[in-house]
Amino acid sequence: MKKLEIIVRPGMLELLRDELSRHNIHGLNYTEIHGYGRQKGHTEVYRGSALQVDFVPKIKLEIVLHDEQIEEVINTVVATTRTGQVGDGKIFVFDVVDCVRIRTGERGVDAL
Amino acid sequence: MHAADTGFMLLCATYVMLMTPALALFYGGLSRAKNVLATSMYSYTSLGVSTLLWAIIGYTLAFGQDCGGLIGNLSYLFLDGIEHGAAPMAENLPHTVFVAFQCMFCVLTVALISGSYVGRIRFSAMLLFSCLWVVCCYCPMAHWVWGGGWLAKLGAIDFAGGAVVHMASAAAALACAHALGPRKTRSAIQPSNLPATLLGGGLLWFGWFGFNAGSALASGSLAGHALLTTHLATAAGIVGWMVIEWRCIGKPTSLGVISGALAGLVAITPGAGYVSLASSLCIGFVGGMLCYGGVLLKQRLGYDDALDVVGIHGVGGTWGAIATGLFAVASVNQINGFFHGNALLLLWQGISVVATWGFVYGVSRLLLALVNHFIPLRVSVDAEYIGLDIAEHNERAYNLSRTVS
């Protein structure tokens, strides 16, 4: 079992959800986050005064998967969200030790 | 008394009332998400507190019988004796209608000041200051200009409140910014809801028709003239601000458009019923440009006027008073300005500018020092970081998420 943490541009959320469900991913969570990497921030201007916004809004999706689905999902995410510009985001892959479905008590892969 | 005039002025009074809730939207939208309700409270509590004070003592100080050109007497204390008969200042109107119309001006002026102190003033201190300010600043100013006081006798003119409303609120705002000091948090404008600001600004524009046209105190050609100059100057103010903003920062902004509209409205206020239609275009356009410079002043001069009361109402109001001295023409309303051969009017206008800024700034600083003696003006640093909505009112404006911006 692995967990993907996928950080993408906010506008990509609906598109990505549709693409992933086409690849049999039927559950995910997302969080609205703010951060910076190479993209840094942007400048907003109110009444002639610049306001430097250091943290750019991003969407973080978290998906836990069977090991064998990982490559397919990574490829889908990259193909769907890549613009080639700085700020496209990142995917982090983690090992998951266990999983529990609270309703039934199932454990491990069965609980996904 | 005149039925058509009365009907017109009843409507104008309600238009001007709407300007204060509109200001709550305008200022609220410009505030951070953690201060929206506190900011809105300043306008709504002015509707409560300033109205009460107006009824108890404000009206009589402003419009009671003149005492030495400085203040009105106490003959209308608690609005005694105004239920019947015509208003002495406008004999075509019932006294009640005149009192109500003028009450809305007082309420709005107090609310306008709030733009400078948002984000750090203690609510109780704000209330006490506002009460004292109505009695010690607004009422004398209204008396001097409209109640037969010394500025009116001198010959200075102010059609709808360039001095009484805009310069006075801006001078008080500057005093508040100086007395309070800057916010501990980053002081750049970080609007929580610009669409609210745009709607508030649009409603201010609407209310301003009652404010300026109503200041003719009668339905008729002068009111019509004032309404049209108001609309023209506002339109020109939008364009003036947009032009200079586009040049300076490369992009026009929605906040710039509504700020330009406000600048045009402020600039035309003192001259709405004195200048020609063509002049109003010039006054609004230059007003929009000057106020763009005005809002940048605070960085140069180092005061924290959070929502630019000085930059817009101070600069626009001062320009409007001077412009009235320049552009006034007798074919509109019986008095000529500098460009029509009467340099003296420009001098009177200059005196009214200096007197208004000096008197209101000085008295406001005294009042703020007095209030600070009993109630600290500022909230704690902790409260400033948490935001005044929670710290001062135990409420939150937006519960869509638990985030506190």
Side-chain angles (χ1 to χ4, degrees), chain A residues 3-18 20-21 25 27-64 77 81 83-92 102, chain B residues 26 29-32 115 185-194 197-198 201 241-263 288-300 304-312 315 400-403 405:
Chain A
K3 181 173 95 163
L4 298 186
E5 256 186 41
I6 305 165
I7 296 174
V8 292
R9 298 179 192 276
M12 299 292 182
L13 181 62
E14 278 80 17
L15 197 62
L16 200 52
R17 199 211 88 93
D18 292 349
L20 288 173
S21 47
I25 305 298
L28 61 79
N29 299 315
Y30 82 88
T31 327
E32 294 173 15
I33 58 168
H34 295 83
Y36 70 91
R38 280 200 206 150
Q39 192 186 4
K40 305 299 175 202
H42 61 268
T43 305
E44 295 173 13
V45 182
Y46 298 107
R47 284 190 177 152
S49 301
L51 177 71
Q52 182 59 36
V53 179
D54 298 318
F55 298 94
V56 211
K58 293 283 170 190
I59 294 290
K60 181 171 80 177
L61 297 93
E62 287 167 281
I63 317 174
V64 179
V77 172
T81 62
T83 71
Q85 304 293 309
V86 172
D88 273 350
K90 284 204 172 59
I91 303 173
F92 300 101
I102 294 175
Chain B
F26 187 80
L30 283 175
S31 305
R32 278 155 224 232
T185 45
R186 194 153 66 159
S187 63
I189 291 184
Q190 254 172 279
S192 59
N193 192 342
L194 275 183
T197 296
L198 292 169
W241 188 297
M242 194 160 68
V243 164
I244 195 166
E245 185 175 54
W246 210 329
R247 266 194 79 89
C248 291
I249 60 173
K251 285 179 187 173
T253 65
S254 68
L255 178 57
V257 164
I258 201 64
S259 303
L262 209 61
M289 290 190 145
L290 282 179
C291 289
Y292 181 83
V295 300
L296 299 176
L297 273 180
K298 63 181 177 184
Q299 294 166 347
R300 293 277 169 83
D304 186 10
D305 172 16
L307 307 179
D308 298 311
V309 189
V310 179
I312 292 180
V315 172
L400 303 172
S401 81
R402 301 298 293 176
T403 323
S405 98

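Each chain gets a letter, A, B and so on, in the order its sequence line appears, and its residues count up from 1.
- Of the atoms belonging to B/Ile258, not a single heavy atom falls under 4.5 Å from chain A.
- The candidate from B/Ile249, B/Asp308, B/Leu296, B/Thr253 with the greatest count of non-hydrogen atom pairs under 4.5 Å with chain A is B/Asp308.
- Heavy-atom distances place both the backbone and the side chain of B/Ile189 under 4.5 Å from chain A.
- Shown here are the side chain to side chain donor-acceptor pair (under 3.5 Å) partners of B/Ser192, two or more places apart in sequence or in another chain: there are none.
- Not counting sequence neighbours, the partners of B/Leu290 by the side chain to side chain contact (heavy atoms under 4.5 Å, CB included) test are B/Val286, B/Val315, B/Trp319.
- With a 4.5 Å cut-off on non-hydrogen atoms, B/Leu194 touches chain A through its side chain but not through its backbone.
- Using a 4.5 Å cut-off between non-hydrogen atoms, the part of residues 45-53 of chain A that approaches chain B consists of A/Val45, A/Tyr46, A/Arg47, A/Gly48, A/Ser49, A/Leu51, A/Gln52.
- For residues 32-44 of chain A, an interface with chain B (any heavy-atom pair closer than 4.5 Å) does not exist.
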